[in-house]
Amino acid sequence: MIRVPYVALAVALTVTLCACTVSEPPETALSQTPSPTPTVPVSSETLVAADRTDTPPSPAADEMLGVVPCATAVTDAYGSYYPICVRDDAPVLRFDPAGQWSWVVTPPGAPIPLDPQYVASAVDQAGRLLVDLIDSPAQWDDSPQAWSGIGARVGSLLNRAPDDLRTVVASRPEKVGMFDVDQWREAAGIRPADYPTEGPRIRVLDLRVSQMSVSAGEPASRDNIGVTVTVQATFTQPVIDTDGTPWELRQHVSLVVSSLEATGAVRDLEWSEDHVVGRNLRGGQQSLPEFPIDAAIPTGWLPQSIGALTFAVPDGSTLAEESVEGATVPWKRFDLPDGPREFDISGPELDRDPAPEGGWWVLPGFANYGLDIPGSEVAAAEIGTDGLGRYRARVDLRSFEHGSAWKYHVEWDTTPERAEAELREVVGALSVVVTEG
């Protein structure tokens, strides 16, 4: 999470959007093995053209979530649309003093109970701000007019100038994300599909309070106690690439709003955002043709493990960073010896709703490979250029361990000339070994 001083507006963006053009870094290699002749990679565009992917979901309201089109249309660079609004009775806006978060009113060990009306107001405020963020004109327009509304909204909460929001977002190296700063979406070759004449331009899939906590100074007093409310939304929008092919832009935003009970003022605001452009592959990973790979650790590579997954890295690789002990999802990052380039691996991560065939998104400009990894249920890889211009190889696999499904992810920097040879080496060293007990 990136934190910005001065009433702490923070923006953290995890980028998984791929561009449709290839920006090739200098050629490097994990080994000197010559690249084999490509056999079974399938381009994402081929899968779309063959009707093997789902059509991007159409924009729609959702009565269950309390999401409805606003009464007044607004305009951005692509035309007029009706932004989403939330009804006053939407679940994301409601606080039940006897419900899931009832402990917030009288937190364990806190000498001062909170006013339930203040907590309800804080929840309402966070939910409404999240909705304003995810469907503002600045989503697809970088003009001052597009920023004015959301800038004023955030500015009024943080007691700062409206123009500061765009300035803060643009100053971050991770600015690619929720807003169209410097028109990064157009640079990546996408634009929104034509806006509906009636109804919203997006479809909200999830909108809820995901976390609440109480904070106070030392000693706790009415002047320094308050709540932190985390609300999150997952939403989707149909987009078009430069060739006119429709894709789905799916985004997940988590917003954290902290305030004081004494004044109701927001004292801290931050958000994180993940997005992906692609289409869901019907039949999942299991439907991809298999890329044949011999299971073997390359000569001179160093065996490693994370969870039940064994892997290997080239001799001379160094562990650059790793997760703290007890992390929900463990991860490691290695610096490769022929860098500068990185090798990232993470897992196990609980797969809460696994499809038997696995889930797989095909991304514009990427090649897709089905894999058979010892000990895994389903596995696949993709190779292409991501939204930061890096040429990447990425492997996802799922295993069944001790009664639950778990996911692992591996990715590293590569080049078009070396990618398949490296895929054979890295995947050849992968296996899931589940111990008893």
Side-chain angles (χ1 to χ4, degrees), residues 1 10-14 16 54 56-74 81-97 99-102 104 119-140 149-150 153-154 157 177-179 192-193 195-196 198-213 227-239 248-259 266 268-277 280 352-353 359 361:
M1 180 71 65
V11 183
L13 310 172
T14 303
T16 54
D54 293 335
S58 300
D62 192 308
E63 291 296 324
M64 293 293 292
L65 295 176
V67 174
V68 296
C70 297
T72 303
V74 298
Y81 71 97
Y82 288 89
I84 61 169
C85 285
V86 285
R87 297 194 312 261
D88 291 341
D89 64 348
V92 72
L93 304 181
R94 296 202 302 261
F95 171 69
D96 181 359
Q100 178 183 6
W101 309 107
S102 59
V104 171
V119 178
S121 176
V123 170
D124 183 274
Q125 177 176 250
R128 293 184 189 278
L129 177 59
L130 177 63
V131 170
D132 288 345
L133 286 169
I134 67 176
D135 202 18
S136 77
Q139 285 276 328
W140 284 97
I150 194 62
R153 177 85 167 87
V154 173
L157 291 175
M178 185 160 55
F179 300 115
Y195 296 153
E198 298 180 359
R201 63 176 178 175
I202 66 175
R203 171 177 286 189
V204 179
L205 307 176
D206 182 39
L207 181 63
R208 59 191 170 91
V209 176
S210 59
Q211 185 63 48
M212 291 184 65
S213 61
V227 298
T228 296
V229 181
T230 302
V231 286
Q232 65 181 46
T234 301
F235 56 105
T236 179
Q237 181 176 11
V239 296
E248 177 183 351
L249 169 60
R250 183 168 294 202
Q251 296 176 262
H252 176 82
V253 176
S254 181
L255 172 69
V256 183
V257 183
S258 300
S259 60
V266 173
D268 193 30
L269 173 66
E270 59 187 55
W271 68 77
S272 60
E273 189 265 7
D274 295 278
H275 65 265
V276 62
V277 171
N280 184 61
R352 299 184 182 277
D353 189 22
W361 272 65

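For this chain, numbers begin at 1 and follow the sequence in order.
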Interatomic spacing from CD1 in Ile202 to CZ in Phe235 - rounded to 0.5 Å: 5.5 Å
List the atom of Ala138, the atom of Ile150, and the distance in Å for their closest heavy-atom pair. CB-CG2, 4.4 Å
Would you check if Trp101 and Gln211 make a side-chain contact, meaning some heavy-atom pair closer than 4.5 Å? yes
From the options Val131, Leu130, Asp124, select the one residue that forms a side chain to side chain contact (heavy atoms under 4.5 Å, CB included) with Arg128. Asp124
Tyr82: partners by ring pair (Phe, Tyr, Trp, His ring centres under 6.0 Å), with sequence neighbours left out: none
Is any side-chain N of the basic residue among Asp206 and Arg208 closer than 4.0 Å to the acidic one's carboxylate O? yes
Kindly indicate whether the side chain of Leu255, heavy atoms from C-beta on, has any atom under 4.5 Å from the side chain of Leu269. yes
Exercise: identify the closest heavy-atom pair between Ile84 and Asp135: N-OD2, 2.9 Å
Could you tell me if the side chain of Gln125 sits less than 4.5 Å from the side chain of Val257, heavy atoms only? yes
In this structure, CZ of Arg94 is separated from CG of Asp89 (nearest 0.5 Å) by 6.5 Å
Could you tell me whether the side chain of Arg201 and the main chain of Pro83 form a donor-acceptor pair under 3.5 Å? no
Any side-chain heavy atom of Arg153 sitting closer than 4.5 Å to one from Leu157? yes
Please report the interatomic distance OG1(Thr230) to CH2(Trp271), rounded to the nearest 0.5 Å. 14.5 Å
So CE of Met212 and CD of Gln100: to nearest 0.5 Å the spacing works out to 9.5 Å
Identify all side-chain donor-acceptor contacts of residues 56-67 below 3.5 Å with residues at least two apart in sequence or on another chain.
unit_1, atom_1, unit_2, atom_2, d
Asp62, OD1, Met64, N, 2.9
Asp62, OD1, Leu65, N, 3.0
Glu63, OE1, Arg87, NH1, 2.7

Expected output: side-chain Gln139 to main-chain Leu133 donor-acceptor under 3.5 Å: yes
Any side-chain heavy-atom pair of Trp140 and Tyr81 under 4.5 Å: no
Quick one: side chain to side chain donor-acceptor pair (under 3.5 Å) partners of Glu248, sequence neighbours excluded? Thr236, Arg250
